[in-house]
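Here's the structure, in structure tokens; my notes come after.
What you see below is based on every heavy atom in this structure, not just the backbone, and it leaves out hydrogens, waters and symmetry mates.
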Amino acid sequence: HLLARLNEGLTAGCKLTLISASAGFGKTTLLSEWISTFPLGMRVSWLSLDEADSDPTRFLLYVVSSLQTVAPNLGEGLLTALQTPQPPPAEVLLTGLLNELAALSGRHIFVLDDYHLLDSPAVDSALAFLLDHLPSHLHLVIASREDPNLALPRLRARGQLTELRTADLRFTPTE
């Protein structure tokens, strides 16, 4: 039933899937299982985060590197700009990346695992910008122990959010 809920969000055109629960509830395992059910050719990028990724430059670098696993030349301009002494604001960098993402064909899933480890308003802001302008064929998945600092109520109200919470991940008596 969990895989079915994840698939429903994907086919309904939701921008974001949020899996939020405490440690040990199987968030990463569920995502791995879900991805293993995808048809061949479905593009999936996965970024496992840690505390050091709270640096906005490092975060953007790793986002692009992760996306390049399925689109090798994607984000070259962003990577070059990040190496300058004073990189442009994240929104400027992400606009170019979003244009490149919009040009990709086919569905693409981008997973950010362990988002709770990040503690950076700048990263939250960059992710919010990315999410607000996400091309329709790209789907963001966040696995976290706590809710990210994003406009979740707005996404929920617009039907753009699929959520799995602690109660959803608990075994039922039958299970």
Side-chain angles (χ1 to χ4, degrees), residues 1-54 56 58-60 62-67 69-70 94 97-98 101 106-175:
H1 69 281
L2 296 174
L3 296 177
R5 288 214 16 223
L6 292 170
N7 285 329
E8 286 170 17
L10 189 59
T11 57
C14 291
K15 286 184 172 191
L16 174 65
T17 294
L18 174 63
I19 303 175
S20 181
S22 299
F25 272 83
K27 300 176 291 295
T28 301
T29 303
L30 174 62
L31 284 174
S32 296
E33 175 66 25
W34 182 45
I35 288 169
S36 74
T37 68
F38 289 169
L40 290 176
M42 175 73 89
R43 294 182 176 142
V44 178
S45 300
W46 187 296
L47 178 55
S48 295
L49 299 163
D50 63 38
E51 293 89 353
D53 299 330
S54 291
R58 181 176 172 149
F59 176 76
L60 291 174
Y62 285 169
V63 164
V64 171
S65 295
S66 177
L67 292 169
T69 62
V70 295
L94 288 172
L97 180 65
L98 285 162
L101 288 169
R107 297 286 297 167
H108 188 118
I109 311 298
F110 183 46
V111 177
L112 293 174
D113 195 14
D114 291 330
Y115 193 81
H116 62 276
L117 295 173
L118 303 186
D119 184 21
S120 171
V123 169
D124 291 338
S125 177
L127 188 61
F129 181 84
L130 184 68
L131 192 56
D132 285 345
H133 300 92
L134 207 60
S136 60
H137 60 277
L138 185 66
H139 184 81
L140 180 64
V141 179
I142 296 176
S144 181
R145 292 183 188 170
E146 58 191 42
D147 285 357
N149 190 16
L150 299 171
L152 298 179
R154 183 181 49 152
L155 292 168
R156 196 177 292 121
R158 292 180 178 173
Q160 297 175 332
L161 175 64
T162 301
E163 298 175 88
L164 292 178
R165 304 276 180 180
T166 301
D168 301 308
L169 298 175
R170 283 194 173 110
F171 287 120
T172 65
T174 306
E175 290 168 332

Exercise for the section: Check whether any side-chain heavy atom of V141 sits under 4.5 Å from a side-chain heavy atom of L6, and report yes or no. Expected result: no
Problem - Set of side chain to side chain contact (heavy atoms under 4.5 Å, CB included) partners for S22, sequence neighbours left out - result: F25
Problem - Minimum heavy-atom distance between L10 and R107, given as atom pair plus value - result: CD1-NH2, 2.9 Å
Exercise for the section: Taking the side chain as every heavy atom from C-beta outward, state whether F38 and I109 have any atom pair closer than 4.5 Å. Expected result: yes
Handout entry: Rounded distance [0.5 Å steps], CD1 in I19 versus OG1 in T166
Key = 11.5 Å
Problem - Distance in Å, Q160 CD paired with L140 CG, rounded so as to fall on 0.5 Å steps - result: 12.0 Å
Problem - Side-chain heavy-atom pair T17, V111 within 4.5 angstrom cut-off - result: no
Completion exercise
To the nearest 0.5 Å, atom OG1 of T28 lies from atom CG of D113 at 3.5 Å
Exercise for the section: Report yes if the side chains of H116 and D114 come closer than 4.5 Å at any heavy-atom pair, otherwise no. Expected result: yes
Problem - W34 CH2 to L164 CG distance, which is reported to the nearest 0.5 Å - result: 9.5 Å
Exercise for the section: Provide the full list of salt bridge (Lys or Arg N to Asp or Glu O under 4.0 Å) pairs with a residue in residues 4-21, sequence neighbours left out, each pair given once. Expected result: R5-D168
Handout entry: Beyond-backbone contact of L150 with L18, side-chain heavy atoms, under 4.5 angstrom
Key = no
Practice task
With side chain to side chain contact (heavy atoms under 4.5 Å, CB included) as the test, would you mind laying out the steps for L127 and N149 before giving the verdict?
Solution key: CA-CA 9 Å; L127 188 61; N149 190 16; over 6 Å; no
Practice task
Enumerate the residue pairs fulfilling salt bridge (Lys or Arg N to Asp or Glu O under 4.0 Å) with a member in residues 142-151, sequence neighbours excluded, ordered by first and then second residue.
Solution key: D147-R165
Exercise for the section: Could you tell me which residues satisfy side chain to side chain contact (heavy atoms under 4.5 Å, CB included) with D53, sequence neighbours excluded, listed by chain and number? Expected result: L49, D50, R58, Y62, L118
Exercise for the section: Can you measure from OG1 (T29) to CG (L2) and round to the nearest 0.5 angstrom? Expected result: 12.0 Å
Handout entry: Smallest separation among heavy atoms of V44 and V70, with atom names
Key = O-CG1, 3.6 Å
Fill in the blank from the handout: The complete set of side chain to side chain donor-acceptor pair (under 3.5 Å) pairs with one or both residues in residues 119-138, sequence neighbours excluded, reads Y115-D124, D132-R154
Completion exercise
I142 and P148 have their tightest heavy-atom pair at CD1-CG, 4.2 Å
Handout entry: Contacts of T69 that satisfy side chain to side chain contact (heavy atoms under 4.5 Å, CB included) - sequence neighbours left out
Key = S45
Handout entry: Closest approach of W46 to S66 (non-hydrogen atoms, all atoms of both residues)
Key = O-OG, 3.2 Å
Problem - L152 side, atom CG; L16 side, atom CG - distance, nearest 0.5 Å - result: 7.0 Å
Problem - Nearest heavy-atom neighbours spanning C14 and T162 - result: SG-OG1, 3.5 Å
Exercise for the section: Would you indicate whether the side-chain heavy atoms of L101 and L67 approach each other to under 4.5 Å? Expected result: yes
